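Treat the numbers as computed from the prediction; the structure is a model and nothing was measured. Order of the sequence lines sets the chain letters (A, B, ...), proteins ahead of strands, with each chain counted from 1.
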Amino acid sequence: MTKQNALALSAAIRAGEISVADAAAPYIDSIQADQSLFASFDREAVAAQIANVQKRLDGGESLSPLAGVPVAVTETICTLGEETAAGSKMLGGFCPPFEATAAAKLREAGAIVLGKLKTDEFGCDGLGCTAPLAVQKGQVLVGFGCDTGGSLRAPAVQSGVCCLKPTYGAVSRAGLIAYASSMDQLSVFSGDLAACEAGLTAVAGYDPADSTSLEAALSPSDDFSIQGKRVGILKEALEETDERGKAAVEAAADALTAAGATVVEQSIPQVKKALAVYLILATAEASGNMARFDGIKYGYQTPHYENLFDLYIKSRSEGFGRKMKERLGLGSLMLSEGYYEPYYDKALRLRGQITEAIRKAFEEMDCLLTPVFPADVDFAAATLLGGERNNRLLTIASLTGRPSLVIPCEDGGIQLVGKYLQDLSLPAFGRAAVSERSGA
Amino acid sequence: MNNEVLVKMEELALVRFGEGERESVLAELSDVMDCLDCVRQADVSGAEPMIYVQTKENVFREDEVHEFPKIDDILTNAPDELEHQFVAPPTFD
Amino acid sequence: MEYEVVMGLEVHTELATKTKIFCSCSTEFGGGPNTHICPGCAGMPGTLPVMNKKVVEFGIAAALVTNSKINQYTTFDKKNYFYPDLACSYQITQLFHPICVDGSVEIETSQGKKTIGLKQIHMEEDAGKLKHDPFTDSSLVDYNRSSMPLLEIVSKPDFRSAEEVVAYLEKLRSMLKAIGVSDCKMQEGSMRADINLSVRPMGSTELGVRAEMKNMNSLKSITRAIEYETARHIDLIESGNAHKLKQETRRWDDEKGKTYAMRSKENAQDYRYFPNPDLPPIVISDEWIERVRQSLPELPEAKFARYTQTLGFSEADSRLLTGIKVLSDLCDYCIEAGIAPQTAANWITGEVMNLARNAGKQADDLILRKESLAKLIGLVEKNVINRNTAKKVLAEVYQKDVDPEEYVKQNGLAMVSDKGAIEQMVKDVLAANEKVVEDYRGGKTQARGFLFGQIMKQAKGKADTKLINEILNEQLG
C-alpha cells in the first residue's frame, strides 16, 4: 500500500473529499488481515470512533490536523476499559477504569485510534520492539508510545520510521504505565516529520493530574527558519560510532549547512558516563514503580502459594520476564544500604553535571546532532546490558529532559537534540538535514 | 557481583530467577556492574544531586473532594475479591 | 541498681482535611470498605500523586506552634516495602527534607515543668486497613484510609516517665485541636503514638537496647505498656539475660497486658528511601509562613495566661475554661459582648457546666449559641429576670435555641421591678400574715424567710429579689 501523507489525508477528510470511514478502511483491512503487531484491535470500538468523528465533522466542528488520521497507541498507554498489559504477563488482563490524558487528547483531536500496539515488556527494551513496524507496514499513519532511554526511538529508526520524544513534562504522563518517572515521555512516531509534529501538538499540554507536567506551551514552529541556526556535532558521539554513523552525521551536517545553518563541533566529555548514570537511575526508579505489581490488586496472580510473601514472590517471578527481573533486582540494589551512596547518589550528581555541561554547550548552539547507533550496535542483542548499550547515544536527551528527534537514513540514522520546549523546531532541522534523501 | 549479591537483589525485589538461568543472569549482571563502575569511581565533589529535571515548584491542588466515578471497576480487576475488598493471604500483626 | 527509662515518641496525627494527601478522594470516616478510593490510592499503574495544599498549611501551623525551624525547601521521598495495606508498595513520606525540625513542647507533670525536644515533623501518607476474615482465613484489604494525610511528630529521647509521655500527648492534642489541624482522637485512630523505649543504669549516658512499642490505643494503655516494657527490660538485665534484649518492634496487647515481638518483616528492613521524582519540591516563602501565623487561633497556653493574668480568673477556673474550646469560646464572646469577665466566667463554670451535666453531654460537645448566652446573662445583669428564671430560659436556649429576649417577652417572664407594685405585694403579704410579722418582730428571724417566700409566690417567682429585700426590710422595720 502506498504510504499516504497523514496531514494530506486529514485535510481531505476535513474538506469532505473523503469520509472518515473510507479513509480508515484500508488500514482496518490491513490490520484485520495481520494483527501480529497488535495487542488489541476492536473493530466495533473503531467503528464507533469513526462514526463519532464523522458526526462532529458533519456538525461543523473544526477539528485538528489529525482528525480522521488512523493512529495507534502502544499497550503501555492506558485506554478506558481496554486491556493494557504493557507487554507483560504481570499486567495481563489489566483493564484500566481510566484513560491516559494523552489518549483522551487524541480522541478529542479526532484521530482514529485503531488499536493498541504490542511492546516488549513495559516498553523499555528498545531494539526489537515491533510497534514502529505498524507505521512502516502502513497499518497506521502515526503511532504513540513511551520512550525512556531510547526504548522507542531506537526501534523506530530500526523500522525506518521517525520518532520525536518531547521535552520532559511537555506531554502528560497521567495514564502512562511508568517505568522511570523522571525520564518517561510519551513519544510520537511516523513516516513523516509533519505528522510527528501534528501528533506531538495533539497530545502536548499542561495536565493538573501530572505534577511534572509543564504549564509552558511548546514554542510554535511557524516562524522557524534554519537560516543562521547553529548545529553542534557531538565529538564524543562520533567517537562511539563507526564509518556509517559518521557518514550519516556528515551528510546531515552538509545538508544543514546548505540550508543556511552553521555547524560546529562540540565536546562534552561528561556524556561518556551517560549510559551508566541512566542505567542506575532508570532501574532504581523502575524498582519503585513496579513494586505495586503484587498479584493481589490486578493482573497476574500465581495459582498456588503458601503465604503472603510466597504469593508476592511467585506472582512476580512468573509474571515478569527475565530481563525485567534483572532490571528490578539491579534497581533495588542501587537503592540499598551500601549501594545508595556510591551508585545512586553519585549517579544523581553526575546527572547534574551532564545536564549542566550540555546546558552550557547549548549556549553556543540551537541543536545537537549525533548518530543514532554506536559502532558496536547489536541488533540481535538479547542481554540487558547489550540492549541498553545500543541506545546509549539516545540517553543524553533522557537524562537532561531535552526533546530528541530521530530520523532514519541510509547509514542508520541521525538524532537531533533540542532546547527545552523547542520540540517543534526539530522536525524543521530534520527536514533540512535529510533534504538530499528520500523518505522524509 | 556474586551469588550473595544476586540473592540480595532477589530478596529486595521479591523476584526469583530459575535455577537454570542463575549462572547466565550472574554473568549478565556482572557485566552491568562493570559498566556501572565508572560511576562508583567518579569524583563528584562539588556536584549537587539532580533529582528534578525541571524547575517546577509548589505544584498543588485545592482541598476539594472529587469522587472517582468507577470505583467498582477498580475492584473487578482484582484476581480475588470479597465484600468489596481485595483478598490477600492472612497477615500477622 | 537503679535504672532510668529513656523514651522517644513518634506520634502520627490524621489531618482534618477534606481530601487525601495525594488524591482528591474524601477523607470522610465511614462508608463501606473501598468506597473512598481512586486508581491512585488503590495502587493502579499509570497514576500520579498531586499534593494537597491544605496539608502543607497544616504542616506550617504545626511547625509554628512547636517553635520548629521550618525547612523552606521541603521534598517527598519513597519508602519502599511490600505489604498488602500499602497500595503502591511504597509510602510517600519525607526523609531528606522534612517540613520542619528542632521544635519543642513544654509539659508539666507532678515533677514540674519540662521541655521535650522534637527531632522533626514531617508529612506523609497513611496505608490502608487489613481485616482478618476467619471464614476464608485471608486478609481483606480496604484502601479507604490509603493516602490519608498524616503529620508524624518525632520527639527526641527526652522522656523519663509514663507521666511525661501522657502529659506530652495531652499537650500535643490540645495544641493541634486548637489550631484545627487534627481532632486527635486516639480511640478513633486519628492520633497514634509509637514509643521507643530503652533502660539504662541511672547516671549512664549511653542508650540501652531499644524496643519500639506499637498499638497502644489510649493514654491508659500507654502508661501500662511503658510500665510493662520497662519492667521487662530491667528483669532481663538483672537476671543476666541482657543478651535476649533485641532491638525490635513489639506490639502491645491491651487484654493480656503484655508486649509481644512482632512477626512481620518490619524488623531489619531496608527501606531504600529515594527522592520522589513525581512530586516537585515545595518552597515555603516567608510570606506564606506569616499568613499561616496570622491565621492561627490563640493557643491554650496563651489563653491560660490571659485568663489568669489579664482577666484575673482563678487558676482552677482558667484551667477548666481553657481546657475546653467550647467554654473558652463562650467566655471570650460574652466578654466581647460587654459582660463583666468574672460574671461570664461564673456563669460558664456554673450554670453552663450544669446544663451540660444535666444533658448528659461532655462540655466539649455542647452546642449553645454564644449570642444567646450573652443576651441571657445581660438580662440577669439588667435585672430583667432573676437567676432562677434565667436557669429555665437557659435550658430552653439549649434545647430549642430560643432567643432569650424574645422568649422572656413572649412568656411574660420579666421580673416585677416596679417599686410600687412590689411595695403593694409586700404590704399585702404582711397584712395577710400578721402573726408571722409579730413573731419576726419578737425575735424569730427565720420568720422573715417565710414572708419572703410568700412574696415570691405572689410575684410568681418573677421579682427582683434585691428590691423585695429592700422593701421588706423597710416595711418590717
Side-chain angles (χ1 to χ4, degrees), chain B residues 1-2 4-17 29 32-33 36 39-40 44 47-93, chain C residues 17-19 23-28 32-40 42 44 50-57 73 75 80 82-85 89 96 128 130-133 136-143 214-215 249 251 262-264 266 270 272 274-277 279-284:
Chain B
M1 184 70 220
N2 54 37
E4 206 185 304
V5 178
L6 185 63
V7 167
K8 181 172 178 174
M9 284 183 177
E10 288 178 306
E11 286 179 349
L12 290 173
L14 290 193
V15 294
R16 298 290 183 267
F17 294 99
L29 290 177
V32 173
M33 290 307 283
L36 301 185
V39 170
R40 195 178 62 82
V44 293
E48 285 303 304
M50 176 177 163
I51 293 151
Y52 308 100
V53 178
Q54 319 146 318
T55 51
K56 289 196 79 170
E57 285 171 357
N58 290 349
V59 181
F60 300 129
R61 74 186 149 79
E62 294 302 316
D63 187 29
E64 275 154 25
V65 177
H66 295 291
E67 277 181 20
F68 183 70
K70 294 183 193 310
I71 290 181
D72 287 342
D73 293 342
I74 296 178
L75 283 143
T76 52
N77 265 290
D80 205 352
E81 180 249 321
L82 180 63
E83 288 159 17
H84 219 250
Q85 288 154 102
F86 299 90
V87 180
T91 52
F92 305 98
D93 307 313
Chain C
T17 55
K18 288 189 262 181
T19 62
C23 66
S24 301
C25 289
S26 165
T27 53
E28 212 181 287
N34 290 311
T35 48
H36 302 302
I37 63 169
C38 70
M44 286 193 148
V50 185
M51 184 67 195
N52 180 343
K53 188 174 188 181
K54 196 91 195 146
V55 174
V56 185
E57 309 229 306
Y73 176 85
T75 59
N80 304 279
F82 291 89
Y83 213 56
D85 61 359
S89 301
F96 297 105
L130 297 175
K131 188 176 77 180
H132 187 248
D133 178 56
T136 55
D137 191 27
S138 52
S139 250
L140 300 181
V141 191
D142 172 16
Y143 287 128
K214 286 181 179 290
N215 197 47
T249 307
R251 192 171 192 279
M262 281 173 81
R263 269 193 275 178
S264 78
E266 283 241 16
D270 185 346
R272 287 160 282 135
F274 70 101
N276 189 339
L279 289 165
I282 297 172
V283 175
I284 303 175

Review point. Looking at side-chain heavy atoms only, is the closest gap between B:His66 and C:Thr19 below 4.5 Å?
Key: no
**Study point:** Nearest-0.5 Å distance that lies between atom OG in C:Ser89 and atom CG in B:Leu14
**Key:** 8.5 Å
Practice item. Evaluate the side-chain proximity of B:His84 to C:Asp142: yes if any heavy-atom separation is below 4.5 Å, no if none is. Key: no
Practice item. Using a cut-off of under 4.5 Å on heavy-atom pairs, state which of B:Lys56, B:Glu81, B:Gln54, B:Lys70 scores highest against chain C. Key: B:Lys56
Check your understanding: Between C:Ile282, C:Thr27, C:Asn34, which residue shows the highest count of heavy-atom pairs closer than 4.5 Å to chain B?
Key -> C:Asn34
Exercise for review: Could you tell me which portion of C:Val55 (side chain, backbone, both or neither) has an atom closer than 4.5 angstrom to a non-hydrogen atom of chain B?
Suggested key: neither
Study note, to complete from the structure: The reported gap from CD1 in B:Ile51 to CZ in C:Phe274 (rounded to nearest 0.5 angstrom) is 11.0 Å
Review point. With respect to chain B, which residue among C:Pro277, C:Ser24, C:Pro280 yields the maximal number of heavy-atom pairs within a distance under 4.5 Å?
Key: C:Ser24
Review point. Side chain, backbone, both or neither: which part of C:Tyr73 has a heavy atom under 4.5 Å from chain B?
Key: side chain
Exercise for review: Check whether more than 12 heavy atoms from other residues, nucleotides or ligands sit under 6.0 Å from atom CD of B:Glu67, and answer yes or no.
Suggested key: no
Review point. How far apart are the closest heavy atoms of C:Ile37 and B:Phe68, and which atoms are they?
Key: O-CB, 3.6 Å
**Study point:** Top contributor to chain B contacts, counting heavy-atom pairs under 4.5 Å, from C:Leu279, C:Asn80, C:Asn52
**Key:** C:Asn52
Point to revise | Closest non-hydrogen atom pair between C:Phe82 and B:Leu12, with its separation | key: CE1-O, 3.6 Å
Review point. Between B:Leu82, B:Asp72, B:Asn58, which residue shows the highest count of heavy-atom pairs closer than 4.5 Å to chain C?
Key: B:Asn58
Point to revise | Distance in Å, C:Asn276 CG paired with B:Tyr52 OH, rounded so as to fall on 0.5 Å steps | key: 7.5 Å
Review point. Got C:Lys53 and B:Glu62 here, is their nearest side-chain heavy-atom distance under 4.5 Å?
Key: yes
Exercise for review: Please state whether the side chain, the backbone, both or neither of C:Pro84 comes within less than 4.5 Å of a heavy atom of chain B.
Suggested key: side chain
Check your understanding: Which one of B:Ile71, B:Thr55, B:Val53, B:Asn77 has the most heavy-atom pairs closer than 4.5 Å to chain C?
Key -> B:Ile71
Check your understanding: Going from CE on C:Met44 to CG on B:Asp73, what distance comes out if it is rounded to the nearest 0.5 angstrom?
Key -> 8.5 Å
Study note, to complete from the structure: Test side-chain contact (heavy atoms from CB on, under 4.5 Å), reference B:Gln85, set C:Asp133, C:Leu140, C:Val141, output is C:Leu140
Study note, to complete from the structure: One option among C:Lys18, C:Lys54, C:Arg272 has the most heavy-atom pairs under 4.5 Å with chain B, and it is C:Lys18
Exercise for review: Locate the shortest heavy-atom distance separating B:Val65 from C:Ser26; write the atom from each residue and the value.
Suggested key: CG1-CB, 3.9 Å
**Study point:** Close side-chain approach of C:Pro33 to B:Glu83, heavy-atom, < 4.5 Å
**Key:** no
Check your understanding: What part of C:Thr136 is in contact with chain B, defined as an atom under 4.5 angstrom from a non-hydrogen atom: side chain, backbone, both or neither?
Key -> side chain
